[in-house]
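In what follows, chains carry the letters A, B, and so on, assigned in the order in which the sequence lines appear, proteins first and then strands, with residues in each chain numbered from 1.
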There are 2 protein chains.
Amino acid sequence: MTQNSGNANSHPTIKDVAALAQVAPKTVSRVINEEPYVSSTTKERVLSAIKELHYRPDVHAADLKRGKSSSRTLGVLLGARPNPFSSSVHWSIDSVAVQHSSLVLASALTGNQDRDSKTVDEMLSRRIDGLILVTAASSQDYLIPEMRRGLAVVFADSTSMGLPSDTVMSDNYAGAINGTRALLSIGHRNMAYLGAKKNVYTVSQRRKGFLAAVKESSLPMGNIDLVDDMDECKAYTVTCRLIDRARTKRPTAIFAGQNLIARGVIRALRTRGLEKSIAIISFDDADMFDMLDPGITVIKQNPENIGRIAANMAFERINGLTAEPRHILLPTELIPRGSGEIPPSQ
Amino acid sequence: MTQNSGNANSHPTIKDVAALAQVAPKTVSRVINEEPYVSSTTKERVLSAIKELHYRPDVHAADLKRGKSSSRTLGVLLGARPNPFSSSVHWSIDSVAVQHSSLVLASALTGNQDRDSKTVDEMLSRRIDGLILVTAASSQDYLIPEMRRGLAVVFADSTSMGLPSDTVMSDNYAGAINGTRALLSIGHRNMAYLGAKKNVYTVSQRRKGFLAAVKESSLPMGNIDLVDDMDECKAYTVTCRLIDRARTKRPTAIFAGQNLIARGVIRALRTRGLEKSIAIISFDDADMFDMLDPGITVIKQNPENIGRIAANMAFERINGLTAEPRHILLPTELIPRGSGEIPPSQ
DNA sequence: CTGAAAGCGCTAACAA
DNA sequence: TTGTTAGCGCTTTCAG
């Protein structure tokens with residue numbers, strides 16, 4: 001037992017292994033990194049010393065010397081309230097990362113600028129190779145110098161807000177147009193749009209899509225209720241207000257700009273027993289939407305693909321790709337389940 | 001522009017800052033670490049140099065020197081298929097970590113031993129301070145040497161399987177007894193238990209709780225269908241088989257050992273139009289369970305608390321606590337919503 | 001095939 | 001109040 005090999009409170013080092021195997025540290029290093037030119041007997045000895053000491057190389061120390069500042073670690077920042085969508089994106093990124101022997105430092109963005117930038121600082125201080133921002137709402141200009149140094153930044157389900165970085169998201173505009181057209185095509189002439197914060201890019205695209213479809217149908221805007229900044233709770237309240245209006249003045253169809261908003265709307269419709277009388281379409285699916293009665297018609301995204309593509313783009317950059325920023329739009333799918341096919345009630 | 005300060009591909013170092021501010025590296029270090037005894041003018045100069053170069057200290061290099069192998073990073077391993085429960089635990093851990101200026105390395109366990117232990121290795125090589133295993137199924141004996149070196153290991157929603165580490169989980173046994181008693185008290189005499197893999201500790205506790213309640217009611221075991229290894233899909237199939245039996249032989253109530261299993265059961269009941277005739281209770285809640293008709297009665301857990309407590313215990317250990325392993329059981333709550341209050345149909 | 005020396009970015013210990 | 005030296009764990013470079 002040389003050095004600190006028996007020390008309960010610290011990791012054995014390459015020196016401890018070297019001492020036990022009676023070789024030089026560099027030889028241990030060769031074995032660890034599977035470099036050639038190590039005799040098989042030496043290798044054996046080193047390997048068994050590693051095992052005996054439960055030695056585990058310190059990647060940070062190794063990277064420090066290598067100078068390539070590649071920690072094989074990816075940062076992922078989740079901007080949205082925890083929900084199945086962002087979870088899927090996250091785990092999809094994780095599974096790509098594992099294939100690249102990388103790990104994911106994950107954290108939730110809170111919207112509090114100070115706290116969030118502290119989180120990013122912590123990640124950057126740990127020398128992450130890439131950063132994927134999922135559903136990020138605010139601008140991240142301070143990342144520019146980091147990008148110049150080679151940090152691979154990818155925005156998933158959000159726009160890069162001026163940063164020259166790759167982006168992946170659903171084609172929110174086209175998806176919203178599609179859904180809205182479906183509503184219009186079955187005769188709805190009074191509709192409501194309940195959307196999230198419209199300063200978020202994806203939300204604004206959905207809003208625009210909705211409006212574009214309305215416009216092409218030549219419906220007067222007087223027939224449309226447009227409400228922004230919704231969340232589940234507010235959506236409930238607003239929907240109650242909308243449907244408590246005189247029958248001729250109330251919307252016969254509701255476009256929910258997000259799954260949580262849809263939940264609020266559905267709750268409200270149910271309290272009035274109107275869930276089979278007023279149509280609703282939700283942008284983004286949610287668990288159990290198919291099991292309600294009626295089933296909720298949704299504009300479905302593909303979060304797994306978004307995560308996978310984001311991660312792949314990040315690794316391409318990490319591996320040296322220097323092409324122009326790429327902007328991927330993924331198609332959405334309109335899934336009719338009943339709630340979106342309800343005709344206008346009068 | 002001294003050293004590599006203008007280099008596009010690498011981070012500026014403390015030396016670059018020192019050169020620009022015309023001080024010694026150690027002085028920069030003092031400023032970074034907010035040590036006393038730095039004149040305010042010097043401090044200013046250093047700070048502005050830091051800003052100009054977009055300098056960010058490398059925590060790994062710092063820790064290396066400090067020798068305390070504290071990377072202020074926590075590992076979190078999620079063992080269950082992505083679902084709202086594990087998501088909540090995860091984000092709850094994250095929010096505690098941030099308070100401790102720590103970051104979370106998160107990864108999903110796959111069940112594939114080789115791949116999973118590679119993931120743990122990667123985390124250990126990054127010198128995480130603690131490891132929280134959420135819903136881990138298999139034994140993790142190889143962690144023992146790491147624990148001896150001071151790695152704080154906490155099991156959340158799972159047992160430590162012999163390892164002397166802290167654990168937090170719901171009181172699965174009591175919760176299951178409670179739910180089952182509720183079913184029995186309204187007169188059910190033919191019941192089915194559909195549970196997940198029974199080699200998972202929490203699952204086995206639920207199973208035992210169910211059986212204990214049955215036993216105390218002196219119901220003959222012949223009246224009970226006990227099925228293990230269910231998932232959503234299998235639960236659907238099995239439920240179909242159960243309810244297609246003769247009316248006198250089929251269960252009048254179903255205990256679903258997990259929310260995904262409950263989903264399969266609910267789907268099956270609906271295809272037969274039996275959702276209002278056969279009772280169901282689900283262990284663990286899920287989004288929208290309250291909005292179905294009837295609402296799904298659940299034995300509710302508190303994932304946020306599980307995550308928070310797990311993280312707190314981990315940080316206590318990291319900060320030197322050496323008490324005996326603690327095992328926390330959190331109460332569950334039976335939430336009646338309709339489906340669990342359906343009386344036996346004959 | 002193997003080893004010795006130097007140094008990655010940082011800070012502890014000591015000096016000035 | 002500031003600077004110097006040494007060394008954390010590892011790998012590079014170069015010499016055996």
Side-chain angles (χ1 to χ4, degrees), chain A residues 2-5 7 9-46 49-50 53-72 124-127 149, chain B residues 2-5 7 9-46 49-50 53-72 124-127 149:
Chain A
T2 355
Q3 314 263 5
N4 66 350
S5 64
N7 189 323
N9 266 319
S10 79
H11 299 265
T13 75
I14 203 170
K15 281 188 190 165
D16 299 315
V17 177
L20 208 158
Q22 305 188 50
V23 293
K26 173 73 228 195
T27 302
V28 178
S29 170
R30 286 196 177 95
V31 173
I32 296 167
N33 297 296
E34 298 179 315
E35 286 172 30
Y37 308 124
V38 182
S39 76
S40 50
T41 40
T42 310
K43 198 170 182 174
E44 293 269 299
R45 276 218 318 284
V46 171
I50 286 177
L53 296 175
H54 298 286
Y55 169 76
R56 222 177 284 274
D58 181 326
V59 299
H60 298 313
D63 287 339
L64 182 57
K65 177 60 202 173
R66 287 201 190 98
K68 19 153 74 161
S69 84
S70 163
S71 55
R72 300 210 326 285
L124 263 12
S125 282
R126 283 169 179 75
R127 296 293 185 261
R149 278 174 206 142
Chain B
T2 354
Q3 314 262 10
N4 65 352
S5 63
N7 189 324
N9 267 318
S10 79
H11 299 264
T13 75
I14 203 171
K15 282 188 191 165
D16 298 316
V17 177
L20 208 163
Q22 304 188 51
V23 295
K26 174 72 225 195
T27 301
V28 177
S29 170
R30 287 197 178 94
V31 173
I32 296 167
N33 297 297
E34 298 179 317
E35 285 171 30
Y37 308 124
V38 182
S39 76
S40 52
T41 41
T42 311
K43 198 171 182 174
E44 293 269 299
R45 278 220 315 287
V46 170
I50 287 177
L53 296 175
H54 298 285
Y55 169 75
R56 222 176 284 275
D58 181 326
V59 298
H60 298 313
D63 287 337
L64 183 56
K65 175 60 201 175
R66 288 202 189 95
K68 17 154 75 161
S69 87
S70 163
S71 55
R72 298 209 329 284
L124 263 12
S125 283
R126 284 168 178 73
R127 295 294 185 262
R149 279 176 205 138

Would the distance check show the side chain of [X] and the main-chain N or O of [Y] forming a donor-acceptor pair, the cut-off being under 3.5 Å?
X	Y	result
A/S71	A/R127	yes
B/H60	A/R126	yes
A/R45	A/A21	yes

What integer distance in Å separates [X]:[atom1] from [N]:[atom2]?
X	N	atom1	atom2	value
B/L64	C/dA12	CG	P	12 Å
A/E44	C/dC1	CD	P	15 Å
B/R56	C/dC10	CZ	C1'	17 Å
B/K15	C/dG7	NZ	C1'	8 Å
B/D16	C/dC10	CG	C1'	13 Å
A/D58	C/dC10	CG	P	16 Å

Q: For B/K43, look at atom NZ and say whether over 12 heavy atoms of other residues, nucleotides or ligands are found less than 6.0 Å away.
A: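 No, NZ of B/K43 has 12 or fewer neighbouring heavy atoms, counting only those of other groups under 6.0 Å.
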Q: Step through the shown structure and confirm whether more than 12 heavy atoms of other residues, nucleotides or ligands are within 6.0 Å of CD on B/E35.
A: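 Correct, the count exceeds 12.
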Q: State whether B/S39 places a side-chain N or O below 4.0 Å from either non-bridging phosphate oxygen (OP1 or OP2) of D/dT2.
A: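 For B/S39, the contact criterion (side-chain N or O under 4.0 Å from OP1 or OP2 of D/dT2) is met.
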Q. Taking only N and O in the side chain of B/T27, is any of them less than 4.0 Å away from OP1 or OP2 of D/dT1?
A.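 So the side chain of B/T27 is outside the cut-off, no N or O lying under 4.0 Å from OP1 or OP2 of D/dT1.
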(Q) Are B/D16 and B/T13 packed together at the side-chain level, in the sense that at least one heavy-atom pair is separated by less than 4.5 angstrom? (A)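 Yes - at least one pair of side-chain heavy atoms lies under 4.5 Å apart.
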Q | Under 4.0 Å protein heavy-atom contacts per nucleotide of nucleotides 11-16 of chain D, with B for base, S for backbone only and - for none | A | BBB---
(Q) Classify A/V23 by what it touches in the nucleic acid, base, sugar-phosphate, or nothing, heavy-atom distance under 4.0 Å. (A)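 The answer is sugar-phosphate, as A/V23 gets under 4.0 Å only of primed atoms, P, OP1 or OP2.
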